[in-house]
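I have placed the structure first, in the form of C-alpha cells, so that the comments after it can refer back to it.
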Protein chains: 2
Amino acid sequence: MNEPTRIQRRNRDAILEAGLTVFSQYGFRGTTLDQIATEASLSKPNVLYYFASKEAIYIALLEGLLDTWLDPLRTLDADGDALHELMSYVTRKLEMSRDFPRESRLFANEILQGAPHIHGALTGELKSLVDEKAAVIEAWAAAGRIRPVDPHHLVFSIWAMTQHYADFDVQVQAVLGGRDPYPGALAHVTMLFERLLTPD
Amino acid sequence: MNEPTRIQRRNRDAILEAGLTVFSQYGFRGTTLDQIATEASLSKPNVLYYFASKEAIYIALLEGLLDTWLDPLRTLDADGDALHELMSYVTRKLEMSRDFPRESRLFANEILQGAPHIHGALTGELKSLVDEKAAVIEAWAAAGRIRPVDPHHLVFSIWAMTQHYADFDVQVQAVLGGRDPYPGALAHVTMLFERLLTPD
DNA sequence: TTGGTATTTGACCAATCGGTCAAAGACACG
DNA sequence: CGTGTCTTTGACCGATTGGTCAAATACCAA
C-alpha cells in the first residue's frame, strides 16, 4: 500500500547492510540483535520496528541474495561460444568473490549449518537451474566444443574454486603473507579451466 | 601425573565427539553447552567437570585436528614421482572429506569466523608448511616433471575442490538429488588435476 | 502553529546463556 | 565391610538473549 519513506528505506538498508556484515561472519545463531543494531547505529527496539524478528532480517537477506548470486549461471548462453561462455562464468564468479565476499560467506554459513532456511530453494530453483545448464554443457561436450566433463561436477569445481577465495580469505591471506590473492587467483583459475575444457 | 581413568577417557572422548558434531554445524558462538551435554548424554555440570569451559572443548578439538588435517600435505615427498605425489595428495584429501566431513566443517566454520582461535597456527605452521611444499612443487615444475603452475594457488585449488564436497554437502546433495557424490567427484577431480599437471 | 503520523527509545520481560558449588552417589581398595 | 577418592547432579548465579510496550520525540502537511 504505502510507499516506503525516505527514512524507512535508509534504515531498512542500514539494517540489511549491518546484518550482512554480522551474519556472514557468525552465522544465524551466532549473531545477536545487539550486534546488528550497533553495526547499523540504531537501537535494538528500533531495529525491531523495521523487521519483525532477527530471523526476518536473515530471511530478507537470503532471499534478496539468491537471485543475484545465481545470476552469472543463469546468464550462461547455450547459443554462445561454449568455451567463452564458461570462461566468462568462471571470471564473473571470481570477481563476485572478490567484490562481494560477505555475500559468499553468508551462503557458506547457511549451507554449513545445513541450509535450514533455504533448503527448499536448493532442491527447487537451484537444482533445476543447474540441471538445465548441465544439459547445455553436456550438449557442448557432445558437439565437441569442449572436452567431455561431468557437467554437475564441473559446476561444483567452479563454485568451489571461486568462492574459496572469499570464504577462506583469512587462510588465503595467512598463507600468502598478506599479498593480494586476486591477480594470481584469476590467472590460475582461468588457466586451470581453460586447460580442462579446451578441446584437443 | 595421574593416568586417566577408564571413565575419564570414555567421557572426555564422548564430549569431544559431541563437540565435533555440534561445533562443526553451528560454529563456536552458535553452539551451547547444553547441546554438547545432550549430544554426549551427560549433564552440563558433568561436561564442565572434564573441561574447564566451552572454549576449552573447542580448543582441544582444533588442536587435535590441525595435525591430522595437514598430514596429507606433510606427506608430499620431494623425492617421489611428482605427478603421482600430487595425485595421491588430491585423492587423500577427497577421501578425508568423505570420511571426516565434520572435521572439515569445523575448520571451515573457524576460518569463516575469522579464525580467532587458530590465526597463529595459520600464519605459523600452516604458512611455513605450504611455503615449503610450494618450493617442492616449483622445483618439480622447473625440472619439467609437471606443467608450470603457481604452487600456492594449486594448493588452494586442491583444498577448495576437495573440501567443497564436505563443507557444502547439503548443496551438493540437493543438486545431485541425493545421489552419492563421491564416485563422480573422485573421477572428476582426479581428471581435472591430471589434465592440469601432466606435462605435454 | 497545530495535529496526526512516523520514528525512536528506556524500561522491562521471560528464557537461555556459560559457569559455580555443595552435596549426593558411585567406585575402588584395604 | 568401611573409607577415601572419583564422578555426577540439582539448585542456583549473574549476564545476555530475542522480543515487548508505552511513552517520548521527530516529522510533515494543512
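None of the values given here were measured: they were computed from a predicted structure. Chain identifiers are assigned alphabetically (A, B, ...) following the order of the sequence lines, protein sequences preceding nucleic acid strands; residue numbering begins at 1 within each chain.
- One atom, CG of A:Leu33, and another, C1' of C:dT9, lie 15 Å apart when rounded to the nearest Å.
- Side-chain N/O atoms of A:Asn46 include none lying less than 4.0 angstrom from OP1 or OP2 on C:dT7.
- In this entry the distance linking CZ of B:Arg10 with C1' of C:dC27 reads 12 Å, nearest Å.
- What separates CD1 of B:Ile57 from C1' of C:dG18 is a distance of 11 Å, to the nearest Å.
- A sub-4.0 Å separation between OP1 or OP2 of D:dT8 and a side-chain N or O of B:Asn11 is present.
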Each nucleotide N or O in nucleotides 28-30 of chain C that has a protein N or O under 3.5 Å away: list the pair and distance.
from	atom 1	to	atom 2	distance (Å)
C:dA28	OP1	B:Arg6	NH2	3.0

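- Although no hydrogens or angles enter the test, the distance criterion places no donor-acceptor pair under 3.5 Å between the side chain of A:Asp150 and the main chain of B:His188.
- Atom-to-atom, CG of A:Asp34 to P of C:dT9 comes out at 13 Å; the value is rounded to the nearest Å.
- Both B:Ala52 and A:Val47 sit near DNA chain C, but only A:Val47 has its closest nucleotide nearer the 5' end.
- Side-chain proximity of B:Tyr50 to C:dA11, C:dT8, D:dT7: nearest is D:dT7.
- With hydrogens and angles disregarded, a donor-acceptor distance shorter than 3.5 Å links the side chain of A:Trp140 to the backbone of A:Ala78.
- Atom pair A:Arg29:CZ and D:dG18:P shows a separation of 12 Å (rounding to whole Å applied).
- A side-chain donor-acceptor contact under 3.5 Å links B:Glu85 to the backbone of B:Asp77.
- Within 6.0 Å of atom CZ in A:Arg145, 12 or fewer heavy atoms from other residues, nucleotides or ligands are found, so the atom counts as exposed in its surroundings.
- Under a 3.5 Å cut-off, the side chain of A:Gln35 and the backbone N or O of A:Val22 do not form any donor-acceptor pair.
- Contact annotation: A:Tyr49 side-chain N/O to C:dT7 OP1/OP2 distance is under 4.0 Å.
- For A:Gln8 and C:dA6, the shortest distance from a side-chain N or O to OP1 or OP2 is not below 4.0 Å.
- Using a distance-only test at 3.5 Å, with no hydrogens or angles considered, no donor-acceptor pair links the side chain of A:Arg105 to the main chain of A:Phe23.
- As rounded to whole Å, 14 Å separates atom P of C:dC13 from atom NZ of A:Lys44.
- By the 6.0 Å and 45° rule, B:Arg29 stacks over the aromatic ring of A:Tyr26.
- When distances run from any side-chain atom of B:Thr32 to the nucleotides D:dG19, D:dT9, C:dG18, the shortest one goes to C:dG18.
- Separating the OH atom of B:Tyr26 from the P atom of D:dT17 is a distance of 19 Å, rounded to the nearest angstrom.
- One can place CG of A:Leu48 at 7 Å from P of D:dT20, the figure rounded to the nearest angstrom.
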